[in-house]
Amino acid sequence: MSDAPPPVVSRNPADPSDILVHVPAPGARAATRAVERARAAQPHWLLDGAAARSAALGAIAAAVEAAADELTALAVREVGKPVTEARAEVARTAAIWRYYAQAPYEPTGVVHETAAGPGLLLTRRRPHGVAGLITPWNFPFAIPSWKAAPALATGNTVVLKPAPEATACAQRLAEIVQQAVPTGVFTVLPGGATEGNAVVSAADAVSFTGSTVVGQAVTLTTTARGIPAQAEMGGLNAAIVLPDADIDTAAAHIASAIAGYAGQKCTATSRVIAVGAALGPLREALAERLRALAVGDPADSATVCGPLISERARDRVIEARRGLPAVATAAPTGSDGWYAAPALVTNLPPGHPLLHEEVFGPLAALLPADDLAQAVRITNSVPYGLVTSVHTASLDATLHGLDHLDTGMVRVNAPSSGVDFHLPFGGTKASSSGPREQGHAALDFYTSQRTYTLTPALPSILA
């Protein structure tokens with residue numbers, strides 16, 4: 001019996017007979033060697049200086065923009081992302097690289113006066129070495145980029161282990177990046193758990209996005225090794241709708257956050273909490289919005305909800321809503337793709353899995369609350385705490401939500417599924433572990449701060 005890891009396979013979820021990648025997995029030793037090569041390249045990459053790193057990241061941004069149509073089509077084909085969303089992701093990817101292209105010129109420390117006597121006290125940020133990045137399939141260009149760009153900007157080298165389902169996207173991104181950086185600075189390592197574990201066990205810092213179970217294992221390994229790590233994991237996000245909200249606008253935002261990209265976002269809305277008199281009107285408005293959503297071929301510009309990433313993912317969504325009253329659209333017929341109709345389920349019995357487990361599909365539960373305080377308690381009652389959307393015309397309610405919601409992000413009168421790459425991203429509880437991603441927070445994560453005490457070797461002339 002062979003101990004070789006299973007091959008890396010990536011299929012088109014809208015047409016599973018269309019295989020994009022089918023290659024042998026490289027194995028743990030190859031992963032370790034990739035980290036070693038990256039470690040050998042790192043000192044030269046750092047010493048090339050800020051101007052070289054800035055120019056490289058700027059060139060990557062320009063190359064992503066030049067290849068936008070190709071990259072968009074690849075994301076549609078490999079991960080089933082609706083073409084409108086795929087095009088927006090590619091544009092965001094270019095913007096991320098351009099944003100971090102200025103980061104090499106950021107100050108790397110500060111100077112302080114000594115408490116007494118001559119000398120200087122300095123703090124200085126230095127790169128860790130090799131950043132091991134473990135990324136999911138749902139944002140195949142943006143997530144690797146918002147991890148890799150700040151890592152490279154601060155002088156680290158990168159080994160990226162993408163999800164098998166997004167291997168082709170990662171390899172194409174690597175081709176673009178590798179044209180702008182020296183050999184060994186950016187490496188893509190296809191594979192699965194074997195290769196991912198090897199990277200986590202060898203890299204000098206690890207950034208992970210994926211499932212809660214795997215993220216917790218990554219955290220245990222990196223803690224034991226004493227290296228910096230961040231893990232972005234699951235979400236069971238709520239949308240709170242108060243009676244004074246613009247119900248139709250709220251319904252539009254929530255429907256898109258439930259069904260957009262088939263709900264395959266950690267920031268998707270999984271629970272809709274209607275406060276008081278909002279329940280009836282919101283139920284009707286959401287039903288109308290969900291029934292109107294276009295479900296089908298992700299290459300069609302009208303499509304909002306495409307296929308699930310795998311047959312297993314599709315079946316999990318269908319099973320989760322089995323036996324529950326639901327408002328749903330119709331899934332495409334006559335297709336072999338892994339489609340599931342977006343649905344809003346009601347009348348959940350206490351303890352139902354949808355109340356505490358993430359499904360990662362176009363499915364949400366409608367829950368009543370007597371008042372805002374109860375809505376906040378319901379929101380906070382789950383193991384996760386990534387993002388909450390609050391829909392209201394009241395500033396008092398907004399401030400209440402900001403103060404009492406136990407989530408890392410709060411979005412007011414907006415869908416839960418939105419990310420601003422220049423601000424910190426992350427949650428609480430089982431949603432996140434370690435420092436925040438994105439924005440200036442990423443520059444802190446990919447560096448360690450050192451304190452220097454400089455004392456003159458000769459007596460001061462003022463002594």
Side-chain angles (χ1 to χ4, degrees), residues 4-35 37-38 60 63-64 67 70-81 85-86 89-90 93 131-149 151 158-179 185-200 203 206-211 214 218 232 261-262 264-265 298-299 306-313 337-338 360:
V8 180
V9 181
S10 176
R11 297 176 181 270
N12 179 346
D15 178 10
S17 66
D18 178 19
I19 300 175
L20 286 83
V21 176
H22 192 297
V23 297
R29 289 184 180 179
T32 301
R33 288 195 296 269
V35 173
R37 289 192 295 269
I60 294 166
V64 169
E70 174 202 351
L71 299 178
T72 296
L74 183 57
V76 171
R77 182 182 170 206
E78 185 170 38
V79 300
K81 179 161 285 194
E85 284 207 41
E89 180 183 345
V90 172
T93 299
L133 312 181
I134 315 295
T135 58
W137 47 263
N138 58 339
F139 288 87
F141 298 119
I143 291 181
S145 293
W146 80 48
K147 294 178 186 292
V158 165
V159 175
L160 167 65
K161 208 298 291 179
E165 298 89 342
T167 300
C169 288
Q171 290 173 331
R172 184 65 186 98
L173 179 64
E175 291 173 358
I176 291 172
V177 176
Q178 288 166 354
Q179 289 177 351
V185 169
F186 185 91
T187 302
V188 163
L189 183 77
T194 297
E195 292 75 17
N197 289 337
V199 170
V200 170
V206 172
S207 182
F208 168 88
T209 299
S211 72
V214 177
V218 167
E232 291 300 331
Y261 190 25
Q264 298 175 117
K265 305 174 185 179
L308 277 296
I309 192 63
S310 67
E311 183 177 17
R312 180 183 177 187
W338 296 311
F360 217 62

N12 and L20: side-chain contact (heavy atoms from CB on, under 4.5 Å), yes or no, with the steps?
CA-CA 7 Å; N12 179 346; L20 286 83; 4.2 Å; yes

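- The two residues V159 and A34 make their nearest non-hydrogen contact at CG2-O, 3.8 Å.
- Looking at residues two or more places apart in sequence or on another chain, you find a side chain to side chain contact (heavy atoms under 4.5 Å, CB included) between A25 and P5, V8, E195.
- In this structure, NZ in K147 is found 8.5 Å from CZ in F208, a value given to the nearest 0.5 Å.
- Within the model, atoms OG1 of T72 and CD of E85 stand 12.0 Å from one another, a figure rounded to the nearest 0.5 Å.
- The minimum heavy-atom distance between F186 and V177, with the atom names listed, is CG-CG1, 3.6 Å.
- Pairing each heavy atom of A31 with each of V199, the nearest pair is CB-CG2, 4.3 Å.
- A distance-only check finds a donor-acceptor pair linking the side chain of Q264 to the backbone of Y261 [under 3.5 Å].
- Scanning all heavy atoms of the two residues, the minimum distance from P26 to G191 falls at CD-CA, 4.5 Å.
- The OG1 atom of T167 sits 15.5 Å away from atom CZ of R172, with the distance rounded to the nearest 0.5 Å.
- In this structure, the side chains of P13 and E165 stay at 4.5 Å or more apart for every pair of heavy atoms.
- No side-chain heavy atom of L133 sits under 4.5 Å from any side-chain heavy atom of P144.
- Looking at heavy atoms from C-beta onward, V64 lies in side-chain contact with V90 at the 4.5 angstrom threshold.
- A donor-acceptor pair under 3.5 Å is absent between the side-chain atoms of Q171 and the main chain of V188, judged by distance alone.
- Heavy-atom minimum distance, G192 versus P164: CA-CG, 4.3 Å.
- Residue T93 holds its OG1 atom at 12.0 Å from CD1 of I60, rounded to the nearest 0.5 Å.
- In this structure the side chain of V200 reaches within 4.5 angstrom of the side chain of I134, judged on heavy atoms.
- By the 4.5 Å heavy-atom criterion applied to side chains, L74 and F141 are counted as neighbours.
- At least one donor-acceptor pair closer than 3.5 Å links the side chain of K81 to the backbone N or O of N138.
- Taken to the nearest 0.5 Å, the CD1 atom of I143 stands 11.0 Å off from the CG atom of L160.
- With contacts defined as side-chain heavy-atom distances shorter than 4.5 Å, the pair I176/L71 qualifies.
- The closest donor-acceptor contact from the side chain of E78 to the backbone of A168 lies under 3.5 Å.
- Seen from the ring of F139, K265 does not count as a face-on cation partner, given the 6.0 Å and 45° thresholds.
- A151 and A131 make their closest contact through CB-CB, 4.0 Å (heavy atoms, listed as atom of the first residue, atom of the second, distance).
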